[in-house]
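Below is one structure, written out as structure tokens; comments come after it.
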Amino acid sequence: MALTVKDMMQAANAAVERIGASKAQELLGQGALLLDIRDAPELERTGRAVGSHHIPRGMLEFRADQDLPSHDPELRKDRVIILHCASGGRAALAGKLLKDMGFSHVYNLGGYSDWVEGGGETIGPMDRGM
């Protein structure tokens, strides 16, 4: 039987712990990576978390695989990774993907608004001028 998005979300939410902004900030203070997986236009519209690293969801597999030339050195299997997107769904799915790829310390912060509402610092949105 084919998987549905509902099935995939249930599996992702079961595999990837959801944490709040205060726990995320604590982990960041210990060297964790805050990974924003939204698309570039979303960051341009809303801004981003101070200190966050950006990899669009569609490129995550290619940036996470250490055997590819496109590997992003910020993604290390020994590093805590905290994911967020706009509302938490893509972050959950991306977190499960990273766990499937051997990353063991992966958390879902939820959405960008969870970061903002939790008192996290932000930059932007970018000023497009007049």
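Counting begins at 1 with the first residue of the sequence. The figures that follow rest on heavy atoms only: side chains count, while hydrogens, waters and symmetry mates do not.
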Q) Does Tyr112 have Arg48 sitting over its ring (NZ/CZ under 6.0 Å from centre, angle to axis within 45°)? A) no
Q) Quick one: CZ on Phe103 to CG on Asp78, what's the gap to the nearest 0.5 Å? A) 9.5 Å
Q) More than 12 heavy atoms of other residues, nucleotides or ligands under 6.0 Å from CD of Glu121: is that the case? A) no
Q) Does Asp100 reach the main-chain N or O of Leu97 with its side chain, forming a donor-acceptor pair under 3.5 Å? A) no
Q: Ignoring hydrogens and angles, tell me if any N or O in the side chain of Ser70 forms a donor-acceptor pair with the backbone of Phe62 under 3.5 Å.
A: yes
(Q) Same cluster or not: Val50 versus Leu109, using hydrophobic residues (I, L, V, M, F, W, Y) connected whenever any side-chain heavy atoms lie under 4.5 Å apart? (A) no
Q: Search all heavy atoms of Gly88 against all heavy atoms of Asn108 and return the closest pair with its distance.
A: O-ND2, 3.2 Å
Q: State which residues pass side-chain contact (heavy atoms from CB on, under 4.5 Å) with Ala32; sequence neighbours excluded, sorted by chain then number.
A: Leu27, Leu28, Val80, Ile82
Q) Under the 3.5 angstrom rule, does the side chain of Asp114 hit a backbone N or O of Gly111 as a donor-acceptor pair? A) yes
Q: Salt-bridge test for Glu74 and Arg63: reply yes if a basic N is under 4.0 Å from a carboxylate O, no otherwise.
A: no
Q. Are side-chain heavy atoms of Asp36 and His84 found at a separation under 4.5 Å?
A. yes
Q) Of all heavy-atom pairs between Gly118 and Ala21, which one has the smallest distance, and what is that distance? A) CA-CB, 3.6 Å
Q. Side chain of Asn13, backbone of Met9: donor and acceptor closer than 3.5 Å?
A. yes
Q. Of all heavy-atom pairs between Leu75 and Gln66, which one has the smallest distance, and what is that distance?
A. O-NE2, 4.4 Å
**Q.** Non-hydrogen atoms of Ala12 and Ala92 that approach each other most closely
**A.** CB-O, 3.4 Å
Q) Ion pair present between Arg45 and Asp39, side-chain N to carboxylate O less than 4.0 angstrom? A) no
Q.
If hydrophobic clusters are built by linking Ile, Leu, Val, Met, Phe, Trp and Tyr wherever their side-chain heavy atoms come under 4.5 Å apart, do Val106 and Leu34 end up in the same one?
A. no
Q: Say whether, by atom type as modelled, one donor and one acceptor occur between the side chain of Arg79 and the main chain of Gly31 under 3.5 angstrom.
A: yes
Q: In plain terms, say whether Lys99 and Glu17 are close enough for a salt bridge, that is, a side-chain N and a carboxylate O under 4.0 Å apart.
A: no
(Q) Test of understanding: with side-chain contact (heavy atoms from CB on, under 4.5 Å), list the residues that count as partners of Ser87, not counting sequence neighbours. (A) none
Q: Examine Leu33 and Leu60 and state if one hydrophobic cluster contains both, with Ile, Leu, Val, Met, Phe, Trp and Tyr joined whenever side-chain heavy atoms are less than 4.5 Å apart.
A: yes
Q: Provide the closest heavy-atom pair for Cys85 versus Arg90 in the form atom of the first, atom of the second, distance.
A: SG-N, 3.5 Å
**Q.** From CD1 (Ile19) to CD (Gln25), nearest 0.5 Å
**A.** 10.0 Å
Q: Work out which heavy atom in Lys77 is nearest to a heavy atom in Met101; give both atom names and the distance.
A: NZ-O, 3.0 Å
Q.
Hydrophobic clusters here meaning ILVMFWY residues chained together by side-chain heavy-atom distances under 4.5 Å, can you tell me if Trp115 and Leu43 are in one?
A. no
Q) Distance from Arg76 atom CZ to His71 atom NE2, nearest 0.5 Å? A) 9.5 Å
Q | Hydrophobic cluster identity match, Leu83 and Met59, side-chain contacts under 4.5 Å | A | yes
